[in-house]
Enquirer: 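Quick one: the structure is below, questions incoming.
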Amino acid sequence: MKRIAMISLHGDPTAVAGYEGAGGQNVYVRELARNLATHGAAVDVFTEKLGGTEVSAETFEPGCRVIRIPLAMPRQVGRHVFWNKLPEFLDKLADLWSDFPRYDLIHSHYWLAGWVSMRLARRARLPLIHTSHSLGRVKVAAGFALPNATERFSTEEMLAKRSTIVATNRFEESQLRQLYGAQSLALVPCGFAPRHFKPQNKDACRRSLGLRRHERMLLFVGRFDPNKGIVELIRATAALAQNWTIKLYLVGGVRPNSSDKAEYERVKTLVDELGLAGIVQFVGAIQPAGLARYYSAADVTVIPSYYETFGLVALEALACASPVVASRTGGLACTVQDGKNGLLVNPGDVPGLVDAISQFLMNPDLAQRLGKAGREEVLRTYTWQSVASRMIQVYDDALDSRVLQDAQV
Ligand code: UDP
């Protein structure tokens with residue numbers, strides 16, 4: 001049995017996603033761990049514990065534990081504050097490991113955990129596999145202000161040399177090569193959970209959400225973050241509402257004193273200014289098991305992000321056979337193939353959004369055909385089960401090449 005140490009500093013696998021600080025990474029770690037365990041692995045996920053003083057361990061799926069290590073920090077801090085806490089996390093983790101059975105390898109998530117994991121892997125002579133979740137140089141190129149940019153770039157450069165880096169799509173793969181000179185690359189996509197994401201009866205779902213027969217439903221699922229393009233979607237909705245009876249459901253949570261609260265306020269102000277209060281529904285965060293109802297009811301799921309490294313929401317919507325309009329960016333442009341299983345629009349292009357959404361609203365046959373093609377495609381390639389089998393192959397290759405290296409010493 002393989003024993004895997006996952007290090008996901010700020011990605012607790014049990015967190016409800018859809019808030020600042022809890023999104024795709026949390027889902028990825030949870031579902032990958034769960035499905036690795038069904039392939040016979042034992043997975044321990046090490047993460048931070050904000051508040052409290054004791055290390056705690058919890059089994060979150062059969063064969064998977066999360067071990068939370070307390071850091072002396074206030075709750076709900078931005079990720080950038082973690083940079084100063086990395087040596088503390090490393091020391092506490094190293095102490096803890098002396099009481100744990102030996103692991104076969106480390107799989108780290110995001111550059112902060114990568115910093116810690118490179119040091120642990122060297123000390124314990126273990127292979128390191130790393131998933132970036134997002135890349136600093138790419139974010140800067142996309143116009144984001146990046147805290148700790150210098151430290152992040154150099155950590156990501158080291159990770160590209162000292163670990164097997166997992167690229168989740170061809171686009172990320174080429175960025176890792178071109179921007180970071182990565183050589184040991186493995187291409188393993190993200191996945192979706194078929195137990196949660198499958199088409200449900202559309203009429204029943206619509207009724208349960210309170211939609212009337214003539215109302216057309218647009219759906220957004222994700223965190224309130226300027227990168228997600230919600231403001232642009234609101235502007236597109238205002239234009240569409242001139243020709244259609246529209247309802248836009250925004251699924252995603254908001255916490256007080258957080259950056260998602262600030263973005264929520266920006267969106268809400270615009271909704272009120274444009275007179276869309278009766279059209280836009282702020283649903284709040286929904287657990288994964290409850291999301292298929294929304295995807296199945298939607299006439300169009302819109303993913304108007306400025307940038308996505310992968311974009312799990314696209315997979316989930318396609319798995320529910322929802323027609324998808326997404327931005328032509330990052331992983332979205334790999335998962336969604338324009339005209340084949342969805343429609344792509346340039347990021348920030350409000351008239352483009354209006355046009356693409358209108359195509360689906362005007363042509364239900366097209367919507368149904370592309371939605372069906374989307375489900376077939378994601379079932380073929382992207383279940384977490386198949387992702388986990390591919391990841392096990394990556395682990396085996398990393399273990400084999402370490403055996404070879406050891407033999408050459
Ligand atoms: N999500 C959720 N409930 C919500 C909103 C989002 O469970 O109310 C989940 C969503 O289903 C997806 C994840 O959060 O699995 C978001 O991942 P994605 O890669 O789309 O975006 P990220 O948050 O990583 O930017």
Side-chain angles (χ1 to χ4, degrees), residues 192 194 196-222 229 232-251 279-281 291-305 308 311-329 331-347 349-383:
F192 75 96
H196 291 145
F197 300 106
K198 53 186 159 220
Q200 298 184 356
N201 181 287
K202 182 167 178 158
D203 289 339
C205 291
R206 284 174 55 87
R207 274 197 304 277
S208 75
L209 295 179
L211 283 155
R212 285 185 238 154
R213 197 166 276 279
H214 62 288
E215 288 172 335
R216 313 305 297 271
M217 174 179 165
L218 308 183
L219 175 66
F220 166 88
V221 176
E232 290 66 21
L233 177 56
I234 300 295
R235 293 194 190 286
T237 302
L240 288 159
Q242 293 176 6
N243 297 318
W244 301 90
T245 310
I246 293 272
K247 290 272 180 195
L248 168 63
Y249 284 66
L250 300 177
V251 173
I279 289 180
V280 180
Q281 313 273 322
L291 285 171
R293 182 160 69 117
Y294 289 86
Y295 290 127
S296 301
D299 291 293
V300 189
T301 300
V302 193
I303 310 165
S305 311
E308 292 288 346
L312 290 178
V313 165
L315 278 189
E316 297 165 0
L318 293 173
C320 295
S322 172
V324 166
V325 170
S327 293
R328 188 178 283 106
T329 181
L332 290 176
C334 299
T335 318
V336 180
Q337 294 150 38
D338 197 26
K340 286 195 179 149
N341 62 5
L343 297 174
L344 289 174
V345 170
N346 289 332
D349 177 4
V350 174
L353 278 177
V354 174
D355 182 53
I357 296 168
S358 303
Q359 281 193 54
F360 279 141
L361 295 182
M362 281 186 303
N363 192 342
D365 286 347
L366 176 78
Q368 210 179 16
R369 185 162 56 77
L370 268 52
K372 190 162 166 277
R375 175 155 171 82
E376 283 163 8
E377 161 81 13
V378 299
L379 273 175
R380 257 197 310 277
T381 324
Y382 294 107
T383 63

Enquirer: Return yes if some donor-acceptor pair links the side-chain N/O of S358 with the main-chain N/O of V354 below 3.5 Å, else return no.
Expert: yes
Enquirer: Please name the pair of heavy atoms, one in S327 and one in S305, separated by the smallest distance, quoted to 0.1 Å.
Expert: OG-O, 2.7 Å
Enquirer: Which atoms form the tightest heavy-atom contact between T329 and P347, and what is the distance?
Expert: CB-CG, 4.0 Å
Enquirer: What's the spacing between L240 CG and T245 OG1 if we round to 0.5 Å?
Expert: 11.5 Å
Enquirer: Could you measure the distance from the NE2 atom of H214 to the CH2 atom of W244? Nearest 0.5 Å is fine.
Expert: 13.0 Å
Enquirer: Between E377 and R380 (salt bridge meaning N to carboxylate O under 4.0 Å), is one present in this structure?
Expert: yes
Enquirer: Ignoring hydrogens, what is the shortest heavy-atom contact between A356 and L343? Give both atom names and the distance.
Expert: O-CD1, 3.5 Å
Enquirer: Where do P304 and G229 come nearest, in terms of heavy atoms and distance?
Expert: CG-O, 3.4 Å
Enquirer: When rounded to the nearest 0.5 angstrom, what distance separates CZ in F192 from CZ in R375?
Expert: 6.0 Å
Enquirer: How long is the straight-line distance from NZ of K198 back to CD of Q200, given to the nearest 0.5 Å?
Expert: 8.5 Å
Enquirer: Show the numbers, then the answer: is there a side chain to side chain contact (heavy atoms under 4.5 Å, CB included) between F197 and V378?
Expert: CA-CA 11 Å; F197 300 106; V378 299; over 6 Å; no
Enquirer: Under the side chain to side chain contact (heavy atoms under 4.5 Å, CB included) test against T301, which residue among L218, L219, L318 passes?
Expert: L219
Enquirer: Can any side-chain N or O of Y249 pair as donor or acceptor with the backbone N or O of L209 at less than 3.5 Å?
Expert: yes
Enquirer: Does the pair I234 and L248 meet the rule for a side chain to side chain contact (heavy atoms under 4.5 Å, CB included), with working shown?
Expert: CA-CA 8 Å; I234 300 295; L248 168 63; 3.7 Å; yes
Enquirer: Between D299 and R206, does any NZ, NE, NH1 or NH2 come within less than 4.0 Å of an OD or OE carboxylate oxygen?
Expert: yes
Enquirer: Given side chain to side chain contact (heavy atoms under 4.5 Å, CB included), test H196 with L291 step by step and report yes or no.
Expert: CA-CA 8 Å; H196 291 145; L291 285 171; over 6 Å; no
Enquirer: Of all the heavy-atom pairs spanning F360 and V324, show the shortest one and how long it is.
Expert: CE1-O, 3.5 Å
Enquirer: What distance do K202 atom NZ and S322 atom OG have between them, rounded to the nearest 0.5 Å?
Expert: 7.5 Å
Enquirer: Does Q368, at its CD atom, have more than 12 non-hydrogen atoms belonging to other residues, nucleotides or ligands within less than 6.0 Å?
Expert: no
Enquirer: What is the minimum heavy-atom distance between V336 and A314, and which atoms define it?
Expert: CG2-CB, 4.2 Å
Enquirer: Do the side chains of D349 and R328 get close enough for a salt bridge, i.e. N-O under 4.0 angstrom?
Expert: no
Enquirer: What residue among T335, L344, L332 forms side chain to side chain contact (heavy atoms under 4.5 Å, CB included) with I303?
Expert: L332
Enquirer: Would you compute the distance between atom CE of M362 and atom CG of N243 and round it to the nearest 0.5 angstrom?
Expert: 9.0 Å
Enquirer: Let's go through N363 and Q359 carefully: what are the C-alpha distance in whole Å and the side-chain angles of both, what is the deciding distance for side chain to side chain contact (heavy atoms under 4.5 Å, CB included) to 0.1 Å, and is it a yes or a no?
Expert: CA-CA 6 Å; N363 192 342; Q359 281 193 54; 5.9 Å; no
